[in-house]
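One structure is given below, encoded as C-alpha cells.
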Amino acid sequence: MHIPDGFIPISQCIVYYVIVIFVGYFAVNWAKNNLDEKQIPLLAVLGAGVFAIMAMNIPIPWGTSGHMIGSPIVSILLGSPFAGFLVMTVVLIIQALAFGDGGVTVLGANIFNMGIIASFLGFYIFKALKPLVHAVPSVFMGSFLAIFITSIACALELFIAGTFPLTAGLVFMGLYHLVIGIFGEGIISTIVYMAINNLRPDLINKKSLDLKREN
Amino acid sequence: MSIKDKKLLIIGLTIAIVIGILAPFFASTNPDGLESTAEKLNPNVLESEPFINSIMPDYNIPGLGETPFSGVIAIFIGIIIVFALAYGIGILLKKRS
C-alpha cells in the first residue's frame, strides 16, 4: 500500500507529515518511559523481518499482488502501538529513500497509514478481543482488520487527494486488502506470534496486554 | 547480551535473510493492491515521476540489472540497514534507570 509520489498534492502531504511528527513526539516519550533494554533485540529483529517480508509480494486473484504491513504484530508483541510506529517508520524511510518503494513527498502519508493507523488498530483490536477469545485468534483478527481498515483509510485519502473516485476506490482497495489481510497479514502475524510465544514468551509484553494470568 | 538474546538475533536475522533470498525468485511481480486500483481508476497518475532517484530502485542494484541476484543483494543490504537502525534507535530511546 505504498503510495508513490504524485498521488497526493503537496499541500495535503504536509498535513500527513505534521501528524506523523506529532505522533513521533509521543512515540519517543513512550520509548523513554517504557522501552526495556531487553526488548531491543526483538524490536530490531522484527524490523529486519518486516522489511524482508514486505519484499515478498504474494499473488492474489485479479492479476494483483500484495504484502503484509507488519506494524500490527510488532505493536502486539512489544505492547504498544508506538513500538509498531517506530519500527514501521524506520522501514518506510529506508524503503522510500533507498529503494523507491513509496514516494518521498508522500512518506508522511505512508507512515500515517502503515505506521499509525495500522499499529493502533492492530493493537487495540487485539486488546479488545483478547478477554473474549484466546490470544491467537485475537492476533489474527487484529492484524487482518488493521490492514483492511488501513486500506479503506488509504482509499479515502486518495479520494480527498482527487486521485481515486470514492466508491470504486473503496471497493477495489477494500477487496484487494481483504484478501491480503487474511492470507498475508493475518496468517503470518499469527505464525510470528505463536513462534515468539514458544521461543521467547518472556519477550511478549504481558503487562500492557493483561496476559499475566494466562502464563 | 544473554545467550538467549543472541539466539533470538541469529534465528530472527536468518529467517529475514532467507525470506530476502527467496523474495526475488518467488515474489509476485503483479502490481500491488494500490497500483492495481490506480491502473483501473486513474492510470495517468502512475506516470508521475519519483521525487528523488533512489539508490536501489525496485530492489535492484544499479549495474547488476534486474536479476534475482541483484534483488537478493539489494534486499540483504536493506535488511542489515533496517536492523542496525532499529537497534540503534532502541539503544538511543530506551528507558533509563
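Letters A, B, ... mirror the listed sequences (proteins, then strands); counts begin at 1. The structure displayed is predicted, hence computed values, not measured ones.
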Please find the pair of heavy atoms, one from [X] and one from [Y], that lie closest to each other, and give the distance.
X	Y	result
B:I79	A:A52	CD1-CB, 3.8 Å
B:N42	A:T163	ND2-O, 2.8 Å
B:F83	A:A48	CB-CB, 4.0 Å

Measure [X] against the heavy atoms of chain B and call it side chain, backbone, both or neither at under 4.5 Å.
X	answer
A:L158	side chain
A:L199	side chain
A:I53	both
A:N29	neither
A:A83	neither
A:L46	neither

Find the distance between [atom1] ([X]) and [atom2] ([Y]) and round it off to the nearest 0.5 Å.
X	Y	atom1	atom2	value
A:I180	B:D32	CD1	CG	7.0 Å
B:I89	A:T89	CD1	OG1	8.5 Å
B:Y87	A:L43	OH	CG	10.0 Å
A:I8	B:S48	CD1	OG	11.5 Å
B:I91	A:L35	CD1	CG	9.5 Å
B:I55	A:I94	CD1	CD1	8.5 Å

Which residue out of [options] racks up the most heavy-atom pairs below 4.5 Å with chain B?
options	result
A:P59, A:A44, A:G103	A:A44
A:Q39, A:M173, A:M1, A:K38	A:M173
A:G6, A:S151, A:A27	A:G6
A:G63, A:G100, A:A55	A:G63
A:P165, A:G47, A:A98	A:A98
A:K32, A:H177, A:H2	A:K32

Heavy-atom count around [X] [atom1] within 6.0 Å, excluding the residue itself: above 12?
X	atom1	answer
B:K95	NZ	yes
B:N53	CG	no
A:Y17	OH	yes
B:M1	CE	yes

Is there a side-chain contact between [X] and [Y], using heavy atoms and a 4.5 Å cut-off?
X	Y	value
A:L97	B:S54	no
B:Y59	A:Q95	yes
A:V87	B:V82	no
A:S65	B:T29	no
A:F99	B:D58	no
A:F7	B:L46	yes

Any donor-acceptor N/O pair, A:N57 side chain to B:S28 backbone, under 3.5 Å: no
Judged by atom type as modelled, is there a donor-acceptor pair below 3.5 Å linking the side chain of A:R200 to the main-chain atoms of B:K4?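 A pair under 3.5 Å: yes.
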Contacting moiety of [X], where chain A heavy atoms sit under 4.5 Å:
X	result
B:L9	both
B:A74	both
B:L22	both
B:K40	side chain
B:E47	neither

Under the criterion side chain to side chain contact (heavy atoms under 4.5 Å, CB included), I'd like the reasoning laid out for B:K94 against A:D36: C-alpha separation, chi angles, the key distance, then a yes or no. CA-CA 6 Å; B:K94 73 177 178 187; A:D36 206 305; over 6 Å; no
Options [options], ranked by heavy-atom pairs under 4.5 Å with chain A, top entry:
options	value
B:P50, B:G20, B:A84, B:P24	B:P50
B:I15, B:N60, B:D5	B:D5
B:S36, B:G12, B:A16	B:S36
B:V45, B:I19, B:V18	B:V45

Before giving the answer on side chain to side chain contact (heavy atoms under 4.5 Å, CB included), spell out for B:I75 and A:F51 the whole-Å C-alpha distance, their side-chain angles and the decisive distance to 0.1 Å. CA-CA 8 Å; B:I75 294 171; A:F51 175 84; 4.1 Å; yes
Assess, by modelled atom type and distance only, whether the side chains of B:T37 and A:Y176 contain a donor and an acceptor separated by less than 3.5 Å. no
Just do the side chain to side chain contact (heavy atoms under 4.5 Å, CB included) check on A:F164 and B:L34 with the steps written out, would you? CA-CA 10 Å; A:F164 286 174; B:L34 179 68; 3.9 Å; yes
